[in-house]
Engineer: 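This is the structure, below, for whatever I ask next.
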Amino acid sequence: MTLQMDPARTKTELSDRSFKQLIDGRLLEGASSQPVIDPATGEAFAVAPVANESQANEACLAAARAFAGWQKTTHGDRTNILEQIAVRIEERRLEIAQIITLENGKPIAEAEGDVDAAVTWLRYFNSLRLDPEVLREDDESRIEVHRTPLGVVLAIIPWNFPFFQTIYKLAPALLAGNTIVIKPAPTTPLNAMVVAEIVHDLVPAGVVNVVGDGGEIGPFLSAHPSIAKVSFTGSTAVGRKVMASGDTVKRVVLELGGNDAAVVLDDADIPAVAQRIFEKAFWNTGQVCINIKRIYVHSSQYDEFCTELARLAEKAKIGPGLNRDNEFGPLQNARQFQTAKNALGIAARDGKIIAGGNVIDRPGYFVELTVVRDIEETSPLVAEETFAPIRSVLKYDDIDEVIERANRTDYGLGNSVWGSDVERATTVARQLESGTVWVNTHSAVAPDVPFGGRKQSGLGVEFGIDGLLEYTDSSVIHIAKKAYSDN
Ligand code: NAD
């Protein structure tokens, strides 16, 4: 079904539609249901199924049963199925993007970008192979390393790029021979139910399961004894709980929060750099783990940079995402909206607001893009992860001092350095403590480049061959060529 681009009609069609979970090969109603809120209005526009513990248990057990057969399928069997999933996603591109925009709030062009990225990542993983490696071979022995699947993967998804995150976990999990249980965030469930529709007749029963969450089944699922690995993307606080849950030695990959710094060197071209930093700081209305959240500018250029960033924030077009004129959508949910309102209060208390600063007087969860200057680093707005469109600009004089200040955080997801002398900027970049450090860009991710956090920002990586290997164990076959010799 391709929905029309008339927002009212799109909403009517979705409100009439029945979204289903996928458990053991069957598209199922929830044990209960919940309204899905359009953050651009604050009103419900659709209904999503919600699993109880019994359904969640069924999904885990079905995935465990299906693993026995799925792990024996060939690489070609799996790549054929994954390619068919890619084609079906492409066929439903606009429909999926509209659903993402309605439940998440982001502008439709960005939602389309999420769908395109999902297909790109899926096809990238589908191009990889996990062939055995011969580590050593001589007359006496041969030692092979095989990559074996783990079993059932639990994918716990946040609400900020929900469809993309679901697909970039599903593809490597299945390619490596695992089965999967997908748990979307409670406020963005519908895109995952579309994944259920897309895959249900392509994969054997139980290989992919999608369960709806009303906000309660996460701990049950992550402690379930059938789960071999949790691939979690979300906050550091919940990541710690996921890691500690259950009584088994399960694998975890944790992609957690970040408090990324951008260091603007004193040779930077301020208008050009301010434009790029603006885009990376406010992307997705400030709700990206790898948004720039702290901006350090040399004192000689501080005023110029602040003025330029404030000018860009003031002229941004903010409104409902289905209107293609809008560049920024609402906060994703009521809790996020409250977080943003609290952060605006802290900004007014601790710094000088030079752009925005207010809730927007219209229905939905909208706040102005806000720039704050002359703020102390001890303010929670700077010291903690601000997951809202409110960004702080800080002044520095000395390069060693700014490196130390940028690193003075428990987070270590991303950082960036900006300057005209690329070699000098790169030298600074090497001293910043994060999973990725960008030079003259930020938030740039790619399917073949491993992505992960240092310190409290995570454990393990996603993407690239390293990301695929996270969905496997290594199994060593050590062969003594002469029977019963002791080599
Ligand atoms: P969150 O941690 O509250 O929720 C993430 C997911 O975990 C949701 O599906 C939620 O339902 C589930 N969950 C909540 N409690 C759980 C529990 N006890 N057991 C199992 N699952 C549970 O995070 P959020 O508010 O959805 O997302 C915002 C946070 O995520 C930010 O900190 C952001 O930086 C981080 N994030 C990180 C990345 C990354 O790649 N590093 C990407 C996106 C978001």
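All ligand and atom numbering here is 1-based and tracks the order in the structure.
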Engineer: Among the heavy atoms of Gln287, does any lie under 4.0 Å from an atom of ligand 1?
Structural biologist: no
Engineer: My understanding is that only residues two or more places apart in sequence, or in another chain, count here; which of them pass side-chain contact (heavy atoms from CB on, under 4.5 Å) with Ser474?
Structural biologist: Val145, Arg147
Engineer: With a 4.5 Å heavy-atom cut-off, do Leu61 and Ser226 have their side chains touching?
Structural biologist: yes
Engineer: Could you tell me, atom by atom, which parts of ligand 1 come under 4.0 Å of a heavy atom of Phe232?
Structural biologist: 2 (O), 6 (C), 7 (O)
Engineer: Does any N or O atom in Thr233 lie less than 3.5 angstrom from one in ligand 1, N or O only?
Structural biologist: no
Engineer: Side chains of Gln165 and Asn160: donor-acceptor distance under 3.5 Å anywhere?
Structural biologist: yes
Engineer: Check this for me - ligand 1, Ile156, N or O atoms closer than 3.5 angstrom, yes or no?
Structural biologist: no
Engineer: Does a donor on one side chain sit under 3.5 Å from an acceptor on the other, for Asn126 and Glu83?
Structural biologist: no
Engineer: Does some non-hydrogen atom of the protein lie less than 4.0 angstrom from atom 36 (N) of ligand 1?
Structural biologist: yes
Engineer: Please report whether ligand 1 has a polar contact with Gln165, defined as an N or O pair separated by less than 3.5 Å (distance criterion only).
Structural biologist: no
Engineer: Please identify each residue that fulfils salt bridge (charged side-chain N to carboxylate O under 4.0 Å, His left out) with Glu327, with sequence neighbours left out.
Structural biologist: none
Engineer: Does Phe451 come within less than 4.0 angstrom of ligand 1, counting non-hydrogen atoms of the residue?
Structural biologist: yes
